[in-house]
Structures are given as C-alpha cells and as structure tokens.
Amino acid sequence: MLLNRKSVELLAPAGTWDALVAGVESGADAVYLGGKHFNMRMHEGGFNFDDATLKKAIDYAHAHGVRLYVTLNNLISNEEIPALREYLAYLNEIRPDALLVQDFAVLELVHEMGITIPLHTSVMMNTHNEHAIEKLKEYGITRIVVGREMTLSELSLFRERTGIEVEYFMHGDMCISESGQCIHSGVLFGQSGNRGRCLKPCRWAYQLIDEKTGEVLDEDGPGAYKLALKDMCMYRAIPQLIQAGVFSFKIEGRMRPAGFIRRIVSTYRKAIDAYIADPNGYTTDEEGWKNLYDNRARDFTTTFAFGQPGKKDIGFTGEREPRFFSHAVKEAGFQDEVLRQERDIEKENMAHRQLSVRCNTIASAKAAIDNGADTIYVGGEAFRPLRPWKLGDYAEVLAYAKGKAHVVVNTPRTTMRRECGELEQFFTALREIKPDGLMVSNLGSLKLAKSITDLPVQADVSFNLFNQLAAKFLQENGLTMATTSYELSFEQLREIVESAALPLETVVHGSYESMICDHDFPAMSLPEFNELDNPEVLDRHYALLDTAGEKHAIRIDQYGRNHLYFAKDLCLYPYLAKFNGLASYRIEAQDYTPELTGRVTKLYREALDALAAGKSQEDAFDHEAFEQVQKMSPREWGIGTYRFRQSRNSI
C-alpha cells in the first residue's frame, strides 16, 4: 500500500482539559475522552468532562483539525437507562466524531433514537473474530478496537477478511485478563472493572501453590506480582503496526497528566511521520526511544503483538508499580444483611422451576440428570486433566437424557480464528447429533450458530447482560434465553427480571471464574514447566494464594488459556425464595466430581420443588443436606456480589 499522512491515525487520551490541549498541540490526529458518566475511567478526581466542557472540547478539537471520540464504553444498569437516553441526545447535538461503546443497550438506543454519530466498539466488547464483525456491521459499527490478545499477523488477516477499520492499543497500561471477562473487582468490591471502577486485583502479590497440598511452588521464582503485566510499548515496531493494517494507533492514559501525554504523543508523531515519508530508509529514532524509556511508569512489553507473552512481560517484583488501588481481602461468605432485606423479585414463576447444570464429564452429566436437572450443559472448555468432549460423548449423553432432560451444547467463551474454524465443523456435525440447543459466548459464535444450525441458541454469562435493553438486543438477534451477569446486585437483577421480555437464567451455585487469561501463569513462574519435555505439568492443579490467604484455583483449558477462580463458590440456596420469575436456575459444576454434582443438583431440585409447592424458604431449606454437601465442596461458599446494594453506578 502507498502511505500518506492520512494512512494512520495517532489517537491520544485526555482526562483533563490540559491533557486534551497537550495531545492536540503534540500532533494527535484524534483524541478520545469521557464525560462525567458512562465510561471506563470513573474513579474519583478531577478527570473527565462535564457536558459544557465536552462541547467546548469538541469545538476546540475541530478548530484544530483533530477528531474527537467520546467513550461511552461501560456496562449500563437498568436504573441508568433514562440518564443514558438524555446523554445520547445531548451527544447527538454536539456531534463528536464517534462513540466508543461496549453495552448492547447503546446499540439499541442509537437505533431507537435515530442517533447518527459513527460507532466504534470498545476493547471491552472483546471482539476477536470476523463473524462478530459481520454482526456488528449490521448495527453501524465502523471501527473495531481489537482484543489485546490478537497478534499482528492475526490482526492483518482479520483486517483483510472484514475490511473493517482497526484500532489497536499500542502504548500504555494493559489488562492481564481478556477484556470484559474480568469480574474480580466487581464481585469482591462491588466496583466493576467492566463499569469503569476496577480496583486492580491483578496488581496484588500472589504465591503459586499446589492447589491440593498447599505447597508453595515458586519460592525461588521471579517474584510475587504474577499478574502485573508491564506497559505496552510498540515504538520500536511502528513499521510492523502500519504494514499489518492498523489504522488507529491508540495510546492508553486518560488518567495521565498533560506533560506525560505531550511527551508520548510528540515522540510517536515524529516516528510515524518519518516512516510514512521514507519507509525503506526508516530506522528507530533511539533518542525518541530513550525519551520514552527514561520517563516510563512500568517497564515495557509488546504483549501479544508478536506471539505468546512470557515471564519477561510481567513486572514480577512490583517495584515499578505506580499505584496500588486495593489490597487482598477475604471474599464474602454468607454476609447477607443486604440480601435478606431486599424485596423478592415480583414475577410469576413457572409451575415447575427449571434447573440447569453445567457438567464436565459424561458421569457428571448422568449424575445431574439422575438427580433432577431439567437441562444439562456439556462441552465448551475442558479443564485439564479432563479432555475435550468428543462427538460420541454428546451422543451418549443425549441417549441417556432422552425423555428425562434437555441437552444443550456449550461453546468456548473465547473464539479466535482457530476456535471459529473448529466450531464451523462442529456445528455442522451437530446437525446429525441433534442436541436440544446451543449456548454461545460472543457475537461471533452466535452468528456462526445461527448460520449453520437451526438449533435454539442461548447466551452465556460472558455477554455481560446488565440491563433490559441488552436483553432486547439479544432477543432480536434470535436468542431464546440469556444468562445474567455475575456482577449484578440483587436489586439490579430484580429490575432486569421484572422488566425483560427475554427469558433469563441466573447462576445460583457453583465455582466461577474471576478472570480468563491467555497468559500461562505456572509456566512463567516454574522453570520445569515445559510441555514439550514434561507435558504432565499441564495436568497438575495450581492455584494463586493472595495475601489475605484466599486460594484462587487455576484451570488450564484445551486452548492453553488460564481460568482464575474465586476462592469461594457461589451459593444462593438459603435465598432461593427471593429469586422468582427466572427461566432457569443454574448450577456451575464444571469443577465438581460426579458425586458432588449429583448431591448439589439434588439439594437445589428438592428446594425448588418445595418452593413451587408453596412452602416457605424456611421449610424448603434442608439444613442437614446443606451441611453435608458443603463439607464435600472443594471450596467454601459465599454470596459474591449479592452482599452489595448495587454494583456501583456511573451516575
């Protein structure tokens, strides 16, 4: 391709007016910033722009020939929707050049209100395959901020296949978790990283231990800050970025001071212009590099740009960590003062309350069916030492479940190019196996499922369902049921269940992930962790022990991703009478033995049947069975985010 000044956009962050001016004066082609509500930087302080200053900022940027994008990129709760409508109407008046969005509710409102501002997907939408792009194009999306886990080679192919404009984080603070798939801060503190209030548990100190024995495995390891990813810096790879087809070079840093922004933008501006002017004769400006390096906050990494990151990309010592937002604390047990006082959900129950169970093996699936599950979820990620489900396994479970339970096939939560290729063949094979439905985890696997099969399709928790408009979006796209977010408080869940037309499922019991990471944490801490020489190391169960003494299991799936679990399993058994009107009550038994799966299923089946028969919560509660099953559990039980009145809002 022939390059010119418009071939690449240098995109600067701005959290204050001074930072905006610094970015513009230093040569940014565009600036992104947030209003006082509805964005991913909602921490207190003098950051973000009120409505009047937002208009002033747009006028200032346009007067200097610079584009301005407004971040409207956090999850929206039901009670925030009226304010969101007003905000969108105001933005449509003052005309920023684009909106960055995460929540499907924004897509719904933009269509309903006739908003004509171009839309870009935030990185928080975790867009990582071409099928998702095709779906998003239907809603007027013109640019994708791609997932951080995408290599430049994958990005290049992705760009060629979709024709979409690509924005790429190329400098600044990076999340260790897949975007939108970290709920640690939201569940533990009621301050969601998906809602702009992350307290960064990834920056805590941890020990790597053997989950079963508690043995510390990394006494001589590189350091305690195992999730503390270094800052992204692609300054030395500008040619590779441009030739991969990246249009917008995005700098992270909306909470950075003006001087910091000025230095970074001007340094990148000079380098980009030099490459465009003479690609063949270009070499890295070492003076510019020294300027960036000497003034860095954390050390630098290129994360996934050129392949799988390793221990060199983690700031294990913590010595360059600029700020700790929180410290490890004990997870909530049955601290239920808030939950017990909440008004019950007021929605009519089905005569027979549906119970679903996510199972990890054929034996577990049979145990769930034998103990009263109405639906079982099978497939998706398999956590080692277990192996992925084979086609014959699905057929066996379907035969066993016939006349007793529905079998819904699960799919991986992350579907990069490899997974999508496998899903196309898998969905085609399911035409012969004929399960009762499919559960998908992102817009890409949804589009594939709808185009290849005629099976009913439902949405898993990774869709981050937080409001009734998002539920409407999913229903309009052919989904028959959706799972509510783990980060909702009971009050917020009640609002959605009472108002949404789409049938909703809620997880009421089980082990659940706090983060999903494409990094390999045991491999980064253990010198003997070499799957070529010692493949058995992949089958060992590891865990991270935080400074509060909480043990977070690590599960490695068939794609090599690390799933980090909460230290306590969710248990809503004592409060089931409050959870009315659900289409399905779900048990996450992915990390349970067949025996425990059966016992937990029986516990909930009997309680739900007792409630359906008109018994009170007290009479439906089997204290003896509850205590027996609790003793069998691999982890303690707690109520997660339901200890809070709300997942803290943006307004």
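Predicted model, so just to flag it, every value in this text is computed and none were measured.
Between the side chain of Gln191 and the backbone N or O of Leu199, no donor-acceptor pair lies under 3.5 Å. With hydrogens and angles ignored, the 3.5 Å screen pairs no side-chain donor or acceptor of Thr302 with any backbone N or O of Ala305. One N or O on the side chain of Asn129 and one on the backbone of Thr415 form a donor-acceptor pair closer than 3.5 Å. A distance-only check finds no donor-acceptor pair linking the side chain of Glu130 to the backbone of Thr162 [under 3.5 Å]. Between the Arg197 side chain and the Asn649 main chain, a donor and an acceptor come within less than 3.5 Å of each other. A donor-acceptor contact shorter than 3.5 Å links the side chain of Asn464 to the backbone of Gly180. Asp278 places no side-chain N or O within 3.5 Å of a backbone atom of Ala274 that could act as its donor or acceptor partner.
Within the 4.5 Å cutoff, side-chain heavy atoms of Leu3 are placed close to those of Gln243. With a 4.5 Å cut-off on side-chain heavy atoms, Val31 and Tyr69 do not count as touching. Taking the side chain as every heavy atom from C-beta outward, Leu241 and Met170 approach each other to under 4.5 Å. Between Tyr206 and Phe521, every side-chain heavy-atom pair lies at or beyond the 4.5 Å cut-off. For the pair Tyr168 and Lys250, the minimum side-chain heavy-atom distance is 4.5 Å or more. Between Leu99 and Leu91, some side-chain heavy-atom pair lies under the 4.5 Å cut-off. The side-chain heavy atoms of Val457 and Leu446, taken from C-beta on, include a pair separated by under 4.5 Å.
For the side chain to side chain donor-acceptor pair (under 3.5 Å) condition, the pairs that include at least one residue of residues 115-124, sequence neighbours left out, are Arg95-Thr116.
Closest non-hydrogen pair, Ile76 versus Asn467, comes out as O-ND2, 2.7 Å.
Lys137 is linked by a salt bridge (charged side-chain N to carboxylate O under 4.0 Å, His left out) to Glu134, counting only residues two or more places apart in sequence or in another chain. Residues forming a ring-ring contact (aromatic ring centres under 6.0 Å, His included) with Phe49 (at least two apart in sequence, or on another chain): none. Remark: Arg263 engages no residue in a salt bridge (charged side-chain N to carboxylate O under 4.0 Å, His left out) (not counting sequence neighbours). Residues that satisfy the salt bridge (charged side-chain N to carboxylate O under 4.0 Å, His left out) test with Lys270, not counting sequence neighbours, are Asp285. Take Glu321 and apply the salt bridge (charged side-chain N to carboxylate O under 4.0 Å, His left out) test, not counting sequence neighbours, and it matches Arg203, Arg298.
If you look at Tyr282 and Tyr275, their ring centroids are closer than 6.0 Å. The distance between the ring centers of Tyr139 and Phe473 falls below 6.0 angstrom. For His171 and Phe249, the distance between ring centers is not under 6.0 angstrom.
Annotation for Glu286: atom CD counts as buried by contact number, over 12 foreign heavy atoms lying within 6.0 Å. Around the NE2 atom of His111, the shell of radius 6.0 Å holds no more than 12 heavy atoms that belong to other residues, nucleotides or ligands. Shown here is Lys135, whose NZ atom has more than 12 heavy atoms of other residues, nucleotides or ligands within 6.0 Å.
Using cut-offs of 30° and 60° for the angle between ring planes, the His184 and Trp204 rings count as perpendicular. Note: Tyr60 and His64 have tilted aromatic rings, judged against thresholds of 30 and 60 degrees for the angle between ring planes.
For the residue pair Asn477 and Lys450, no side-chain donor N or O sits within less than 3.5 Å of a side-chain acceptor on the partner. A donor-acceptor pair shorter than 3.5 Å can be found between the side chains of Ser77 and Glu80.
A cation-pi arrangement is found for Lys56 relative to Trp17, the charged atom lying closer than 6.0 Å to the ring centre and inside a 45° cone about the ring normal. Judged by a 6.0 Å distance limit and a 45° cone about the ring axis, Arg148 is not positioned over the six-membered ring of Phe304. With Phe325 as the aromatic partner, Lys200 meets the cation-pi criteria of under 6.0 angstrom to the ring centre and within 45 degrees of the ring axis.
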